[in-house]
J.: 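First, the structure itself, so that you have it in front of you.
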Amino acid sequence: MSKYNFDKIIDRSGTNSLKWEISDGELPMWVADMDFETVPEITEAIMKRAQNAVFGYSIVPDEWSESYIDWWKKRHHFTIEKDWLIFCTGVVPAISSIVRKLTTPAEKVLIFTPVYNIFFNSILNNGRVPVECPLKYIENEAIASEDSEAGAGHFEIDWELFEKQVSDPQVSMLIFCNPQNPIGIVWDKDTLSRVGEICAKYGTTVVSDEIHCDLICPKGEYIPFASVNEVNRDISITCIAPSKTFNIAGLCSAAVFAANPVLRHKVWRGLNTDEVAEPNVFAVQAAVAAYKYGEEWLDELREYIGGNKMLVKKYIQENIPELRDVSESATYLCWIDAGKLPDICENVNMEPARFIRKSTGLWITDGSVYGEAGRGYLRMNVACPRALVEDGLDRLRKGVKLISDKASSRNL
């Protein structure tokens, strides 16, 4: 029997929610923000701190680093040393700071696409050049069974292209997403080792964004990039946080760790220079409570999200033949192949996601924002009560039908 009620619909209107600042009749399933109440002990920790009623500057106590160390050792079988950890206000500020500190203007930063769109901002806004290495979709020989978390194929790295790009002396950094957002790839040990080997060969630093690491299918397990071998450990900087896992992104609490003392010093200097290394009054308490009390909640959450993702896969298979869910086993995001729709939408004069929002109120994300390799896909966030997922799928079906009908009528 479930201890937590993930079916409960929370009214987030009037809370200055980025996700829910919408027009009447709209359903937002775009930004990576969950619609579930967080772990009760996190709320209690915040309220207890608030009762003090003095909100001055905060320090980072030992219990903060200990909570990360204990969690990663228990959940991910990897020991993070206390000296490796640095507090920061968010993974994105950390990545942007690292790009500024460890690369120079006009240098190139490589990314496997489709990938989290803000990586492009961290590169371009700092005067660096993004280099896309598109992932390849490989059709599986056998169609996956209905109870499988995988689809009919999988994404993998184009190794020949990757090494060619990394061998360019101007490519000084790889921003790596582990697990991969938006596809949901949980990278295996051999892949992580090979990425590290190639980057080490050409002197390329790896910045591994592992913010989605706890959001794996119930039977799955993620592997920290730095845990694979000494090479990966020594060339990498890892960004982690409780924010996606426990839905506390608005509290601005994250961490960076690096085993290599030279890289760690540069990161520490960069974060402090950019003034993103000091906690607000709730950031430490929330992280400690999350990692101390959140395990049971997280296990139930993973089961619930897994059910939502399977619902999406089955619904699309049975009701929307124009689409195909090719999501893999991590994150609460569904990656949907809409490759049959772009040609149709040329006659509709707008991309599928925009048309679907305009015609049905369903707000999902067009894959093109995640790089050229994302063109022809849609991203849908299903970290919400099942009733909202069902509503979203019904709107998606109606939107796709309207696209097809509109295109057909124009072709008559």
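Side chains included, hydrogens not; waters and symmetry mates left out as well; all remaining heavy atoms used.
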J.: Could you give me the CA-CA distance, side-chain angles and deciding distance for Lys3 and Glu296, then say whether salt bridge (Lys or Arg N to Asp or Glu O under 4.0 Å) is met?
T.: CA-CA 9 Å; Lys3 180 178 178 179; Glu296 185 179 3; 3.6 Å; yes
J.: What closest approach, in Å, do Cys252 and Ala283 show between heavy atoms, and which atom pair accounts for it?
T.: O-CB, 3.8 Å
J.: Between Trp297 and Phe6, does the ring centre distance come in under 6.0 Å?
T.: yes
J.: Does any part of the side chain of Asp337, heavy atoms only, come nearer than 4.5 Å to the side chain of Tyr377, both counted from C-beta?
T.: yes
J.: Looking at side-chain heavy atoms only, is the closest gap between Pro352 and Asp366 below 4.5 Å?
T.: yes
J.: Would you compute the distance between atom CG of Asn272 and atom CH2 of Trp268 and round it to the nearest 0.5 angstrom?
T.: 5.5 Å
J.: Would you please say whether a donor-acceptor pair under 3.5 Å links the side chains of Asn308 and Arg386?
T.: yes
J.: Between Phe162 and Phe112, how do the two ring planes meet: parallel, tilted or perpendicular, split at 30° and 60°?
T.: tilted
J.: Search all heavy atoms of Leu311 against all heavy atoms of Leu393 and return the closest pair with its distance.
T.: CG-CD1, 4.0 Å
J.: For Lys340 versus Pro321, what's the shortest heavy-atom pair and its separation?
T.: NZ-O, 3.8 Å
J.: Side chain of Ser97, backbone of Pro93: donor and acceptor closer than 3.5 Å?
T.: no
J.: For Phe225, does its backbone N or O pair with a side-chain atom of Asn232 as donor and acceptor, under 3.5 Å?
T.: yes
J.: May I ask you to decide if Ser122's main-chain N or O and Ser96's side chain share a donor-acceptor pair within less than 3.5 Å?
T.: no
J.: Looking at Tyr304, Phe246, Tyr332, Tyr4, which one forms a ring pair (Phe, Tyr, Trp, His ring centres under 6.0 Å) with Phe36?
T.: Tyr304
J.: When you compare the side chain of Ile69 with that of Leu85, does any pair of heavy atoms fall below 4.5 Å?
T.: yes
J.: Are Arg379 and Asn181 side-chain neighbours, meaning at least one heavy-atom pair lies under 4.5 Å?
T.: yes
J.: Do you see a donor-acceptor pair shorter than 3.5 Å between the side chains of Asp35 and Trp20?
T.: yes
J.: Within this structure, what is the CG-SG distance for the pair Leu323 and Cys334, rounded to the nearest 0.5 Å?
T.: 11.5 Å
J.: Rounded to the nearest 0.5 Å, what separates atom OH in Tyr57 from atom CD in Glu278?
T.: 8.5 Å
J.: Using the side chain to side chain contact (heavy atoms under 4.5 Å, CB included) rule, take Met29 and Leu362 through it: C-alpha gap first, then chi angles, then the decisive distance, then the call.
T.: CA-CA 7 Å; Met29 302 182 78; Leu362 174 63; 3.6 Å; yes
J.: CD1 of Ile9 to SG of Cys384: how many Å apart, nearest 0.5 Å?
T.: 9.0 Å
J.: Is it the case that atom CD in Glu230 sees more than 12 heavy atoms from other parts of the structure closer than 6.0 Å?
T.: no
J.: Mark yes or no for whether Trp187, through its side chain, and Cys177, through its backbone, hold a donor-acceptor pair below 3.5 Å.
T.: yes
J.: Kindly give the heavy-atom pair with the smallest separation between Ile111 and Pro130, and that separation in Å.
T.: CD1-CB, 4.5 Å
J.: Within the 4.5 Å heavy-atom criterion, are Leu135 and Ile185 side-chain neighbours or not?
T.: yes
J.: Less than 4.5 Å apart, any side-chain heavy atom of Pro242 and any of Tyr68?
T.: yes
J.: State plainly whether the residues Lys8 and Glu37 are in salt-bridge range, i.e. N to O under 4.0 Å.
T.: yes
J.: Under 3.5 Å, side chain of Arg264 to main-chain N/O of Ala258, donor-acceptor pair present?
T.: yes
J.: Could you state the interatomic distance from OG1 (Thr273) to NZ (Lys266), rounded to the nearest 0.5 Å?
T.: 13.5 Å
J.: Would Met34 and Leu301 satisfy side chain to side chain contact (heavy atoms under 4.5 Å, CB included), going step by step from the backbone distance to the final call?
T.: CA-CA 11 Å; Met34 295 194 286; Leu301 173 76; 4.0 Å; yes
J.: At what distance, to the nearest 0.5 angstrom, does CG of Leu341 lie from CD1 of Ile403?
T.: 5.0 Å
J.: Begin with the C-alpha distance, continue with both residues' side-chain angles, and end with the deciding distance and a verdict on salt bridge (Lys or Arg N to Asp or Glu O under 4.0 Å) for Glu132 and Arg375.
T.: CA-CA 13 Å; Glu132 294 191 44; Arg375 197 168 296 281; over 6 Å; no
J.: Looking at every non-hydrogen atom in both residues, tell me the closest pair between Arg128 and Val99 and how far apart they are.
T.: NH2-O, 3.6 Å
J.: Carefully, step by step, assess Trp335 and Gln180 under the rule side chain to side chain contact (heavy atoms under 4.5 Å, CB included).
T.: CA-CA 11 Å; Trp335 189 239; Gln180 181 84 357; over 6 Å; no
J.: Can you name the closest pair of heavy atoms from Asp214 and His76 and give their distance?
T.: OD1-NE2, 2.8 Å
J.: Take Ile183 and Leu333, measure what side chain to side chain contact (heavy atoms under 4.5 Å, CB included) needs, and give me the verdict at the end.
T.: CA-CA 7 Å; Ile183 301 170; Leu333 307 165; over 6 Å; no
J.: Could you tell me whether a side-chain N or O of Lys309 sits under 3.5 Å from a main-chain N or O of Ala330, the two making a donor and an acceptor?
T.: yes
J.: Between Ser404 and Val400, is there a donor-acceptor pair closer than 3.5 Å when you use the side chain of the first and the backbone of the second?
T.: yes
J.: Tell me whether Asp299 is salt-bridged to Arg75, with the criterion being a basic N under 4.0 Å from an acidic carboxylate O.
T.: yes
J.: Is there a donor-acceptor pair closer than 3.5 Å between any side-chain N or O of Glu295 and the backbone N or O of Trp71?
T.: no
J.: Would you check, one step at a time, whether the test salt bridge (Lys or Arg N to Asp or Glu O under 4.0 Å) holds for Arg395 with Asp391?
T.: CA-CA 6 Å; Arg395 293 179 191 229; Asp391 183 7; 3.0 Å; yes
J.: Please report the C-alpha distance between Asp70 and Lys74 in whole Å, then the side-chain angles of each, then the deciding distance to 0.1 Å, and finally whether the salt bridge (Lys or Arg N to Asp or Glu O under 4.0 Å) criterion is met.
T.: CA-CA 6 Å; Asp70 292 345; Lys74 182 177 182 179; over 6 Å; no
J.: Spell out, as yes or no, whether a donor-acceptor pair under 3.5 Å connects the side chain of Glu163 to the backbone of Ile198.
T.: no
J.: Does any non-hydrogen side-chain atom of Leu18 lie less than 4.5 Å from one of Trp30?
T.: yes
J.: Can you find a pair of side-chain heavy atoms, one from Val31 and one from Thr365, that are under 4.5 Å apart?
T.: no
J.: How about CD on Glu81, more than 12 heavy atoms from neighbouring residues, nucleotides or ligands closer than 6.0 Å, or not?
T.: yes
J.: If only atom types and distance count, is the side chain of Arg302 paired as donor or acceptor with the main-chain N or O of Gly220 below 3.5 Å?
T.: yes
J.: Identify which one of Val312, Asn381, Asp394 satisfies the side-chain contact (heavy atoms from CB on, under 4.5 Å) criterion when paired with Val389.
T.: Val312
